[in-house]
Amino acid sequence: MMKSKLEALFDDKNFSVGVKDCETGVMINEHQDLVTYMFLFYQDSVEVFLSVFDEDVPYGRDILAKGAADTLDDAVALALDKLE
């Protein structure tokens, strides 16, 4: 079984150092893709990771988009722009 790019982040021992809170979940985008999301809340900023991972399609699909900003709304907007 393949590991997604989002899962691979956890192999880095420096990943999420200093996080104050975290939120994760799944959603369906307008293309009917299952998107896993992770919000990392730091003291003065937010990082958003959006992942589309499907190893059942030919050649697999593993997209990871990141947005970082001072607010959750801005970080989400940046990540969504990169996901498209």
Side-chain angles (χ1 to χ4, degrees):
M1 179 172 235
M2 250 172 71
K3 185 184 282 192
S4 74
K5 291 178 182 176
L6 183 62
E7 290 174 302
L9 290 175
F10 292 98
D11 292 338
D12 179 355
K13 56 184 158 187
N14 294 319
F15 178 70
S16 74
V17 171
V19 167
K20 302 293 182 193
D21 196 12
C22 177
E23 183 178 326
T24 61
V26 295
M27 63 183 181
I28 304 289
N29 69 7
E30 71 259 13
H31 307 292
Q32 299 303 309
D33 297 316
L34 183 65
V35 179
T36 305
Y37 65 84
M38 180 170 49
F39 303 154
L40 299 179
F41 298 93
Y42 294 89
Q43 184 69 32
D44 297 318
S45 63
V46 181
E47 288 183 338
V48 171
F49 295 89
L50 303 176
S51 174
V52 176
F53 178 68
D54 188 352
E55 65 185 356
D56 294 331
V57 297
Y59 307 107
R61 183 167 58 158
D62 190 6
I63 303 166
L64 181 64
K66 176 186 173 186
D70 293 338
T71 68
L72 178 59
D73 288 341
D74 289 345
V76 168
L78 290 169
L80 284 172
D81 283 346
K82 292 176 184 176
L83 190 62
E84 295 301 317

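Just so we're clear, the structure is a prediction, and the values are computed from it rather than from any experiment.
- Remark: Asp11 engages Lys3 in a salt bridge (charged side-chain N to carboxylate O under 4.0 Å, His left out) (not counting sequence neighbours).
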How far apart are the C-alpha atoms of Val52 and Leu83, what are their side-chain angles, what is the distance that settles it, and do they pass the side chain to side chain contact (heavy atoms under 4.5 Å, CB included) test? CA-CA 9 Å; Val52 176; Leu83 190 62; 4.0 Å; yes

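- Here Asp74 pairs with Ala69, Thr71 under the side-chain contact (heavy atoms from CB on, under 4.5 Å) rule; sequence neighbours left out.
- To the nearest 0.5 Å, atom CZ of residue Phe49 and atom CG of residue Leu9 are 5.5 Å apart.
- Leu80 and Phe53 fall into different hydrophobic clusters, where Ile, Leu, Val, Met, Phe, Trp and Tyr side chains are chained together by heavy-atom contacts under 4.5 Å.
- Leu6 and Val35 are assigned to two separate hydrophobic clusters, defined by single-linkage of ILVMFWY side chains at heavy-atom distances under 4.5 Å.
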Ignoring hydrogens and angles, write down the donor-acceptor pairs under 3.5 Å from the side chains of residues 36-47, residues two or more places apart or on other chains.
from  : atom 1 : to    : atom 2 : distance (Å)
Tyr42 : OH     : Glu47 : OE1    : 3.3
Glu47 : OE2    : Lys66 : NZ     : 3.3

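- Considering every non-hydrogen atom in both Leu78 and Gly67, the closest pair reads CB-CA, 3.9 Å.
- For Lys5, the side-chain contact (heavy atoms from CB on, under 4.5 Å) partners two or more places apart in sequence, or in a different chain, are Asp62, Leu64.
- For Ala77, there are no side-chain contact (heavy atoms from CB on, under 4.5 Å) partners at least two apart in sequence or on another chain.
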Please table the atom pairs, donor to acceptor, closer than 3.5 Å between any side-chain atom in residues 14-30 and protein atoms at least two apart or in another chain.
from  : atom 1 : to    : atom 2 : distance (Å)
Asn29 : OD1    : His31 : N      : 3.0
Asn29 : OD1    : Gln32 : N      : 3.2
Asn29 : OD1    : Asp33 : N      : 2.9
Asn29 : ND2    : Asp33 : OD2    : 3.3

